[in-house]
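Just below is one structure, and these are the notes that go with it.
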Amino acid sequence: MYNIAVAEVMSVFNAVSKQARSEHGIERSTLDEAIDLLLILLAPMAPHVSAEIWERRHPDETSLHHQRWPVRTAR
């Protein structure tokens, strides 16, 4: 299961990266939301690194490990 989780996180990262490099780019608010999502998804696999990055991005918010787990929406 660990390999599947890592592969899915990489898939999200690749999709965000591809969109950011595209001709139309990506809005900053969308990029920020995607980065936060990736950090939340990475937290169980890399808790210390993801928490450190979260703290630098959100110094006045609660810990990454107290954030709500994302809920998948229907396409």
Side-chain angles (χ1 to χ4, degrees):
M1 291 300 277
Y2 182 80
N3 290 340
I4 294 170
V6 171
E8 290 300 319
V9 170
M10 287 301 299
S11 177
V12 172
F13 174 80
N14 289 336
V16 171
S17 180
K18 182 178 179 180
Q19 181 62 35
R21 291 188 319 254
S22 75
E23 179 181 325
H24 301 291
I26 192 169
E27 289 188 29
R28 181 62 194 206
S29 61
T30 304
L31 181 59
D32 285 341
E33 185 176 345
I35 291 170
D36 289 348
L37 170 67
L38 285 166
L39 288 171
I40 291 169
L41 294 175
L42 278 173
M45 296 173 271
H48 302 291
V49 172
S50 56
E52 183 68 28
I53 296 169
W54 181 272
E55 189 174 314
R56 290 175 188 235
R57 289 179 50 79
H58 305 284
D60 299 326
E61 288 188 24
T62 59
S63 166
L64 165 66
H65 303 291
H66 291 127
Q67 301 301 313
R68 296 183 75 108
W69 191 252
V71 176
R72 182 177 180 196
T73 57
R75 292 184 188 198

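Only this structure's heavy atoms are used, side chains among them; waters, hydrogens and symmetry mates stay out.
- Under the side chain to side chain donor-acceptor pair (under 3.5 Å) criterion, E52 pairs with R56, not counting sequence neighbours.
- Using a 4.5 Å cut-off on side-chain heavy atoms (C-beta onward), L64 and H58 make no contact.
- Counting non-hydrogen atoms of other residues, nucleotides and ligands closer than 6.0 Å to CD of E55 gives a total of 12 or fewer.
- Counting non-hydrogen atoms of neighbouring residues, nucleotides and ligands closer than 6.0 angstrom, the CD atom of Q19 exceeds 12 such neighbours.
- Applying the side chain to side chain donor-acceptor pair (under 3.5 Å) criterion to H65, with sequence neighbours excluded, gives no partner residue.
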Per-pair distances, 0.1 Å, donor-acceptor, side chain in residues 66-74, under 3.5 Å, sequence neighbours excluded:
residue: Q67; atom: NE2; partner: T62; partner atom: O; Å: 3.3
residue: Q67; atom: NE2; partner: T62; partner atom: OG1; Å: 3.1
residue: Q67; atom: NE2; partner: S63; partner atom: O; Å: 3.2

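- Rounding to the nearest 0.5 angstrom, the gap separating the CG atom in N14 from the CE atom in M10 is 5.0 Å.
- Taken from CH2 in W54 to CD1 in I35, the straight-line distance is 11.0 Å, to the nearest 0.5 Å.
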(message) Apply side-chain contact (heavy atoms from CB on, under 4.5 Å) to residues M45 and V9 and explain how you reach the verdict.
(response) CA-CA 10 Å; M45 296 173 271; V9 170; 3.7 Å; yes
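- A distance of 4.5 Å separates CG in L41 from CG in L37, rounded to the nearest 0.5 Å.
- Judged by distance alone, the side chain of S50 and the main-chain N or O of A46 form a donor-acceptor pair under 3.5 Å.
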